[in-house]
Amino acid sequence: MSTVLLHVASVSKSFGGVEANRDISLTVNEGSIVGLIGPNGSGKTTLFNSIVGYHPVDTGSIRFQNKEITRLLVPDIARLGLLRTFQQTRIYGKMSCIQNMQISMPLEEHTLRSVFKALPKKDMQEIEDMLAFVGLHSKRHLLAGDLSFGQQKLLEFAMALIAGPKLLLLDEPTAGINPTLINGLIDRLKVANQELGITLLIIEHNMRVMMNITDHIYCLAHGTLLAEGSPEDIQNNQTVIDAYLGAH
């Protein structure tokens, strides 16, 4: 049987009286690629933020590797191996790509490593290999702020991978990426899952991507769970089509 890596149970979150998430439950099994879809404003990003500790939930429970993380702080959750990327990239624009990767590597004894300190050769090789993996090796000495938006998203992906997560939450990974490069990104996501052993939970509006890559999909609407199932189930679910897919 599959091992449950993440279990979200009856989670609700409100902001100033506006209920962004209401009684949402979902499960992510170890080794899987799970999708999260829904119209803009359906509560997807709020749920991501709650899972990683940015927005403490009002009610409900979040467990990761069978450990209660509902009230843990963001750094403590990250150290357990649960990370996320963002719709708008969070990179260090005035640092080189290599320096961005360097400060993203796992901390040693919870102390910050200087980005100017020479790393062991094996660590530098790992950084260069990861930049090559996302197609940025030739850009490794450029300032991150000089990259295109799509390249910045690839850098953020590489920064997350170098940290060695067990579960990575990706918020619209293909948004802003040249359509001709999307197939390459899909392949990299599959390799990260199958060869690097990273479980993925993905928010994505590109339904071709979701149908191609996911094992299971959850659909939100108006802050609630509308439907769940295999990609085929979701594609043929009339309620989902009416609420979301039919609007695109």
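Every heavy atom of this structure was used, including side-chain atoms; hydrogens, water molecules and symmetry mates were not.
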For this session: Tell me, with the steps shown, if Val4 and Arg63 meet side-chain contact (heavy atoms from CB on, under 4.5 Å).
Result: CA-CA 9 Å; Val4 174; Arg63 298 186 69 84; over 6 Å; no
Exercise. If we only count heavy atoms from C-beta on, is the Met105 to Ile127 side-chain gap below 4.5 Å?
Worked result: yes
For this session: Compare every heavy atom of Asn183 with every heavy atom of Arg208, then report the nearest pair and how far apart it is.
Result: NH1-OD1, 3.1 Å
For this session: Mind listing the closest non-hydrogen atom pair of Tyr92 and Asn100 along with its distance?
Result: N-OD1, 2.8 Å
Exercise. Out of curiosity, does Leu73 fall in the hydrophobic cluster containing Tyr54 (side-chain heavy atoms, cut-off under 4.5 Å, transitive links)?
Worked result: no
For this session: Would you check, one step at a time, whether the test side-chain contact (heavy atoms from CB on, under 4.5 Å) holds for Asn236 with Ile241?
Result: CA-CA 7 Å; Asn236 297 312; Ile241 293 171; 5.8 Å; no
Problem set entry | Gap separating the OG1 atom of Thr239 from the CG atom of Leu226, nearest 0.5 angstrom | 6.0 Å
Seminar exercise, completed: Value for CG (Asp58) from CG (Asn21), rounded to nearest 0.5 Å, stands at 9.5 Å
Exercise. CD of Glu172 to CD1 of Ile202: how many Å apart, nearest 0.5 Å?
Worked result: 12.0 Å
For this session: Go through the steps for Asn49 and Arg84 under the test side-chain contact (heavy atoms from CB on, under 4.5 Å), then give the verdict.
Result: CA-CA 9 Å; Asn49 285 336; Arg84 68 156 297 181; 2.3 Å; yes
Under 3.5 Å, sequence neighbours excluded: what are the donor-acceptor pairs made by side chains of residues 218-225?
residue : atom : partner : partner atom : Å
Tyr218  : OH   : Thr27   : N            : 3.0
Tyr218  : OH   : Thr27   : O            : 3.2
Thr224  : OG1  : Ala221  : O            : 3.0

Exercise. Looking at side-chain heavy atoms only, is the closest gap between Ser96 and His141 below 4.5 Å?
Worked result: no
Exercise. Would you say the side-chain atoms of Ser10 pair up with the backbone N or O of Gly60, donor to acceptor, closer than 3.5 Å?
Worked result: no
Problem set entry | Single hit among Leu136, Leu154, Ile162 for side chain to side chain contact (heavy atoms under 4.5 Å, CB included) with Leu131 | Leu136
For this session: Could you pull out the closest heavy-atom pair between Leu189 and Leu170, with the gap in Å?
Result: CD2-CD1, 3.4 Å
Exercise. Can you tell me how far the CD atom of Glu156 sits from the CD1 atom of Ile91, to the nearest 0.5 Å?
Worked result: 8.5 Å
Problem set entry | Contacts of Asp76 that satisfy side-chain hydrogen bond (donor to acceptor under 3.5 Å, both in side chains) - sequence neighbours left out | Arg79
Exercise. Can you tell me how far the CG atom of Asn193 sits from the CD1 atom of Ile33, to the nearest 0.5 Å?
Worked result: 3.5 Å
For this session: Dump the intermediate steps for side-chain contact (heavy atoms from CB on, under 4.5 Å) on Leu82 and Val52, then the final yes or no.
Result: CA-CA 7 Å; Leu82 176 51; Val52 299; 4.3 Å; yes
For this session: State, yes or no, whether a side-chain contact exists between Leu201 and Ile51 at a heavy-atom distance under 4.5 Å.
Result: yes
For this session: For Asn237 and Val240, indicate whether the former's side chain and the latter's backbone hold a donor-acceptor pair under 3.5 Å.
Result: yes
Exercise. Side-chain contact, heavy-atom cut-off 4.5 Å: Arg71 with Val57?
Worked result: yes
Exercise. Does NZ in Lys13 sit with more than 12 non-hydrogen atoms of other residues, nucleotides or ligands closer than 6.0 Å?
Worked result: yes
Exercise. Should Leu6 and Ile62 count as side-chain neighbours, where that means a heavy-atom distance under 4.5 Å?
Worked result: yes
For this session: Look at the side chain of Thr46 and the backbone N and O of Gly43, then say whether any donor-acceptor pair between them is shorter than 3.5 Å.
Result: no
Problem set entry | Pairwise side-chain contact, Ile203 with Leu47, heavy-atom cut-off 4.5 Å (strictly under) | no
Exercise. Is there a donor-acceptor pair closer than 3.5 Å between any side-chain N or O of Thr199 and the backbone N or O of Gly31?
Worked result: yes
For this session: Taking Glu204 for its side chain and Asn206 for its backbone only, find out whether a donor-acceptor pair lies under 3.5 Å.
Result: yes
Problem set entry | Flag side-chain contact, heavy atom, 4.5 Å: His205 against Asn40 | yes
Seminar exercise, completed: Note: Cys97 and Lys139 closest approach over all heavy atoms is SG-O, 3.4 Å
Problem set entry | Heavy atoms of other groups near Phe133 CZ, more than 12 under 6.0 Å | yes
For this session: Please report the closest heavy-atom contact between Phe64 and Lys166, naming both atoms and the distance.
Result: CZ-CB, 4.1 Å
Problem set entry | For Arg90 against Met159, the heavy-atom pair lying closest together | O-CE, 4.3 Å
Problem set entry | Separation between NZ of Lys190 and CG of Asp187, rounded to the nearest 0.5 Å | 6.5 Å
Which atom pairs, donor and acceptor, lie under 3.5 Å between side-chain atoms of residues 142-152 and protein residues at least two apart or in another chain?
residue : atom : partner : partner atom : Å
Ser148  : OG   : Gln151  : N            : 3.2
Ser148  : OG   : Gln151  : OE1          : 3.4
Gln151  : OE1  : Ser148  : N            : 3.0
Gln152  : OE1  : Thr89   : OG1          : 3.2
Gln152  : NE2  : Ala144  : O            : 3.4
Gln152  : NE2  : Leu147  : O            : 3.2

